[in-house]
Amino acid sequence: MAFSAAELQKRHGLEGAPDPFPTLGGSNAPAPTPAVKKINNTNSNNGPSAPAPVDTSSEDAFPSLGASAAPATNITKPAISAWASKPSAVKATGGKAKPAASGGLGRAGTPTAASHPFSDTFSIPAADLIQGKTAQETINKVREQTGVIVESSTQMRTGLKTFLIRGSDQKKLITARRLIERGLSKPVTIEVEVPITTLGTIIGPKGSTLKSITDATQTKIDIPKRETLPSYDIKDNKSDNGSDNGEEDDEEPQVPISVTGPSAACADAKNRILSLISHRVSQGSTSIKTIPSSYYPFIAGPKGVKAKQLEEEIGGGEVKIHVPPPAVWKALEKQSQGETEELEASATKDRDLSIKVKGEKEKVKLVVQEILKQYESLNDSLRELKISIPKRQHRFLVGSSADDILDQTGCIVELPPVDDPSDQCVIRGPQASLIPALTLVMDKANAIAVEMVDIVALHRPNTSDPLAHAKKVLRYLLRTSKLRSIADSHAGVKVFPPFASAVANTGSVVVEIVGEDKSQVSKAKDEVAAIVKSVLPAGTSTVQVDHLIHSLLIGKKGSKIAQFEQTHKVTTVFPPATEESSDVSLIYTGPLDSLPSDKKARDSKLKEILASASKAVEELAKDAADIKSETLDVEKKWHRYIIGSGGTVLNALIGEDQLVNVKVGSSSTAKGAKTDEDVVTIRGPSGEVDRVVEQIKQIVEDAKNDDIVNGHTIEFTVLKQYVPHLVGSSGAAINKLRETLGVKVNFDDDDASGAVKKGGKKPVVHCKIVGRKEAVEEAKKRLEAQIEKLEDETTEILTIKRAIQPALIGAGGKYAIRLEEKYGVKLSFPRSGGDAKDKDTNPDQVTIRGGKKGVASAKAELLEAAQFESESRQETTFKVPTKAVAQIVGKGGSTINAIKDDSGVQIDIEKQPDSDNKTSVTIRGDKKSIESAKKAVLALVEEIGDEVTEELKVDPKFHRTLIGQGGQKLRDTIVAAGGPEEAFKQSGLVTFPKSGDSNPDVVRFRGDSKVVKKIKAELEKQVSVLKETVVIGVVVPQSQHASKIGRGGSALQDLQRRTGAVIHFPGSRQYGSVGEIENASELGDAPEGDVVKVIGTKEVVAKAAEQLQIVNERPARTDSRQGRSTPGGDYPSKTISIPTKYYHAIADQQNLIRQIRNVGGFITIPSAPPKPTTPKTSSKSNGNDLAAKTARIDLSGGGEGESNDVEGDFEIIENYQDAPEGEQEWSVRGKEEDLDKAVKVLEDAVEKAKSATHVGLLTGLPRSAFPRIIGSKGATISRIRAETGADVQVSKDDDLITITGDESSVLQAKDSILSIVSRPGRGDRY
């Protein structure tokens, strides 16, 4: 049973060991390593046990890949048995040793397609790339680092430079592309706009994130300084954009970040930045503040239908639109819910908010545009109608009622604010809908039953101040939720208490009860009136209780006050906490039946009860807390410790119950007294006040102690110009000092305008360092050392031409960075493009800043490099005739690219010629390269010469003969006259008239005068010969016509080419138009169908007639099989002349006919010439001798390095030595779209035959080794053919192995075969 190499490895625990069948490399197979031997021995002793672990770090088990071993030298050794530990070395005696083949893994030499299977193609605008020597150095560096193959070409039409890179693996391919894109791209500067709140994310802790981006992309990223950023309060903009409450959200400003470097690197850096903040950048929100709130219902639509439609159709479900309802609608809704205790505050606080659109950024913009477009349309089309509607009915025109009106009529009703006493409303909508809308509005306003309870009117007879009492009753009803309870007990009924503004404006307190069922409304009204009447004026009282202890009296969940109210039969109404009022109302809520029936007696009893309750409340308040105020004198600098970050410490002092009130820095003892900023006032229950006072004193004491320990302060002045260097980029330097030494360092320039350094005029700032004494002194020492270094700093400005600055900077700034690091200086080159602020900057000025010594050294090196670049970046411009541009550029830019690659220059050709028909050519590079390139260009121009135009009159009947089959004769004529051989250069030299031309007998010539004259003379000569042409008839039996014409006319074309005559068989289209037969009398009574017309000179027609009268014995070979006819007899055909010596090399190629048939073509193969004898070699030894040597077992292996040479014979000779001379015509035909493909297959076969220049004859090898050479199903010999490119044939009858190919491939294939034969047999491996 046969096993593969991989299966054998698994069976013997050799997974991971060196391959026993390595890729052919032309070297002898190495002996098994010690690691492998050890595993083999272990497995042989223990049988098929579990595989032993393999040491992957072992150099023996996993040797490094390297170049193949040198070829064996001619050293003859005694033969060693095949059973010995050392393998036999097979040695060839003929030919010279050749190095190992190139291109494979582990083999030396140039890369090939087989060793670099991965490829990638990309294009970059040529204008964005650096040129010249720097570009070539970058490409060479990429090749060295990654081992890839780099090819490039430039398209003049598109201006793109295309790179094709091939690599041995995908990772190297990606690396190479990145290096090329960044190394060759010119430095550019782009701007990336980001939200201001994302700067922290981009910079990262201590700048780590920003540094990682700059290191990975080799770019320079500039973030604006903090003082230049727009003001934006993040805390004020954290509310939900969709909330109706809260203030308007300011749109977050965008900050531009500049990125400088190669274009590809800048794009990479931009993508990295955006990916960091994608969650913020991709989402956005916008507030639309330009649309009046009266148009909001139109934008939203009934029940928000139109807004939802915008979200889905334009926003694609990724956008949310919030259209807030008008403020008056919200106020009326609060009234319906009984939330009127803060109506006065709400009236001033509630306002119309803006429309907010939130979601995916781009779609948000589209939605906003559509909303604004709708508003413009509405503003132009809507009209107004004013109407007065009673204020009490306004609530019936909001909510669902407003949606109904809008849905049915397309109109809305604008209501006045709740605090506006006016009842005038505006109906807004289309002109035609205003009247229907008015009708519907009045119907809805009158459709609801309304009953009112006037509290002031009910109590006017019982008190002198009914309004004040009515207000108390209203607050009682709201605090006890009596009105809501009544509304809930009657289906479809709502109870609306009055707004505070309405009470203030009208002087009345009216409760409105509304509903559709009048009976239920009447019942609810009666209940409201009964509750209002039950609160008698004599049954109410007001007690003054400090607002700070209201919560103490109420207790948790109102437990304390509930017990008090139950005992005294009263209800206690506390004012809202926001009012900080001390007025507490007591309302008698006991049964009225228990009171005397007489009014005076009843009032007296009520006053007695309320007096008792008031006294009890005062006692409770006194017992609950002893309110006092305490004032502490604390310096303002300690206040921040009392307040804490964000007020956290102060909140902890006050406590959850908020029983005390603490005011820091804003206390006053009496009205109008002067405010003291160093005062802290605490007011509340005495116990709580004492606790807070002690805690504040302790906080201040701790802060003072900490200030003593860590409060050592040193102040000194620093020149203002040094501060940015001391602070560092984004505060990096100063932050490092703070973190390492634990000190606080601040630079204060408040007095900078007046502070000047003594003895000078330079502005200074004050530096203050606070912390432990030792740390403060060390920090000052470090800062002074840095200042001393800065004082030594100097600045030099160099003038360097802008054109050579990119070369001095280097790809990704590498040269400039190296110079900065080497000399400790800072280089500043002008930015490309120039910002608005840099318009006055000289683009040729380069600034060097640093220590004097470093600046001097850097200046010298930079100027030296600039001088070198100036010499290498010269340019010259000259003019060439516009007609020569095509010759200079070449097909697809091949010619000009070849000149560029050879000379290493950049060549630019102006697109528009001058008025004198001249075109400017500019060459850039060093002086020597420019001269070389210019010389090459001018040489091409000279080839064009002086262009002339000539004409020649030629009888049209001669045109076809002069042109020849497929134009071949005309092409040959041009070449013979000294014209170009390339078809594209021959185009236009000779122009024959087309059918329908006004001058059908005029042939035109255009081109170089010398070439044109020679071509014209040659054609005149040929015309003179044609004029002597005769037409004769030759009798050829019709049975012979097919063989004479051949498949697709191939035989006829061959005959015409060989004889130079034109032959027409009966039935051809031109048979009757070529003229009368001159020898008709000689033909006798021959049938017309047998007469073939032959046209030419007398000598030519005689030769052709002789050939026509020869009877063919067998037809020419075609690609038909077994007599079956092949289609395509009428298809166009093309004849290719191929040297006869290549016949058998082409015809014997496998699948040639099938390949042509596969592309839709057909081939006619000419008759086979005699096959040359197969070369033989005289062998000094044969297979039997070798077998005898390898079969002996009585010889033992020698010592180290000894081997047994078995000599094989090898001879290499030139191919086609005895092949016949001459050429044969091979005909290919097919459809027009397939003919070129079929011809290409045949031309490839010809090229393959031409490349087989040598034949190697290898003999003397044992035939027992032939199966290994061939391999399973020919796998090994196929691999040899693929890797070497040579054809290997193993003889079936003897020991001859024939290798055909070029010399190097033949030798490589021979070495590969010998390396296989020299390996041990299967038994030697275990």
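Residues: numbered from 1 along the sequence shown.
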Under 4.5 Å between any side-chain heavy atoms of [X] and [Y], yes or no?
X: Ile800; Y: Gln805; value: yes
X: Leu653; Y: Ile699; value: yes
X: Ile848; Y: Leu862; value: yes
X: Tyr641; Y: Val700; value: no
X: Arg272; Y: Thr217; value: yes
X: Leu310; Y: Gln374; value: yes
X: Gln786; Y: Leu726; value: yes
X: Ile288; Y: Ile371; value: yes

Without swapping roles, check the side chain of [X] against the backbone of [Y] for a donor-acceptor pair under 3.5 Å.
X: Arg143; Y: Val150; value: yes
X: Thr740; Y: Lys736; value: yes
X: Asn735; Y: Gly731; value: yes
X: Glu635; Y: Lys637; value: no
X: Glu311; Y: Ile321; value: yes

Please find the pair of heavy atoms, one from [X] and one from [Y], that lie closest to each other, and give the distance.
X: Leu179; Y: Gln145; result: CD1-OE1, 3.3 Å
X: Val142; Y: Ala176; result: CG1-CB, 3.8 Å
X: Ser354; Y: Ser287; result: OG-CB, 3.5 Å
X: Val745; Y: Cys767; result: CG1-SG, 4.1 Å
X: Lys363; Y: Gly315; result: CD-O, 3.2 Å
X: Val188; Y: Cys266; result: O-SG, 3.7 Å

Modelled atom types, side-chain donor and acceptor of Asp702 and Gln698, under 3.5 Å: yes

Establish, from distance only, whether the side-chain atoms of Thr260 and Thr189 form a donor-acceptor pair under 3.5 Å. yes

To the nearest 0.5 angstrom, please state how far the [atom1] atom of [X] sits from the [atom2] atom of [Y].
X: Ile124; Y: Lys186; atom1: CD1; atom2: NZ; answer: 12.5 Å
X: Glu144; Y: Ile139; atom1: CD; atom2: CD1; answer: 12.0 Å
X: Glu181; Y: Leu129; atom1: CD; atom2: CG; answer: 10.0 Å
X: Lys141; Y: Thr146; atom1: NZ; atom2: OG1; answer: 11.5 Å
X: Gln369; Y: Ile314; atom1: CD; atom2: CD1; answer: 9.0 Å
X: Thr198; Y: Ile203; atom1: OG1; atom2: CD1; answer: 9.5 Å

side-chain hydrogen bond (donor to acceptor under 3.5 Å, both in side chains) with Arg640: which residues, sequence neighbours excluded? none

Output all residues satisfying side-chain hydrogen bond (donor to acceptor under 3.5 Å, both in side chains) with Lys306, sequence neighbours left out; order by chain, then residue number. none

Cationic tip of Lys768 within the cone over Phe747's six-membered ring, i.e. under 6.0 Å and within 45° of the normal? no

Counting only heavy atoms not in Lys320, do more than 12 sit closer than 6.0 Å to its NZ atom? no

Crowded around Glu788 CD? As in, over 12 foreign heavy atoms under 6.0 Å? no

Which residues pass the ring-ring contact (aromatic ring centres under 6.0 Å, His included) test with Phe829, sequence neighbours left out? none

Between Lys789 and Glu793, is there a side-chain N and carboxylate O pair less than 4.0 Å apart? no

Asp120 bridged to Arg177 by N-O distance under 4.0 Å: yes

Could you check whether the rings of Tyr375 and Tyr295 sit parallel, tilted or perpendicular, using 30° and 60° as the cut-offs? perpendicular

Of Asp222, Leu210, Ile202, which is the lone residue that meets side chain to side chain contact (heavy atoms under 4.5 Å, CB included) with Ile257? Ile202

For Glu820 and Lys826, what are the C-alpha separation, side-chain angles and deciding distance, and is it a side-chain contact (heavy atoms from CB on, under 4.5 Å)? CA-CA 6 Å; Glu820 290 178 341; Lys826 177 67 177 177; 3.7 Å; yes

Identify the residue among Glu784, Glu777, Glu778 that makes a salt bridge (Lys or Arg N to Asp or Glu O under 4.0 Å) with Lys780. Glu784

Worked verdict on Ile165 versus Phe118 for side-chain contact (heavy atoms from CB on, under 4.5 Å): CA-CA 8 Å; Ile165 53 177; Phe118 299 93; over 6 Å; no

Assess whether side-chain contact (heavy atoms from CB on, under 4.5 Å) is satisfied between Val259 and Lys220, documenting all intermediate values. CA-CA 6 Å; Val259 184; Lys220 181 182 178 182; over 6 Å; no

Decide yes or no on side chain to side chain donor-acceptor pair (under 3.5 Å) for Thr162 and Ser123, but give the supporting numbers first. CA-CA 4 Å; Thr162 302; Ser123 298; 3.0 Å; yes

Using the side-chain contact (heavy atoms from CB on, under 4.5 Å) rule, take Ile696 and Val680 through it: C-alpha gap first, then chi angles, then the decisive distance, then the call. CA-CA 9 Å; Ile696 290 175; Val680 177; 4.1 Å; yes

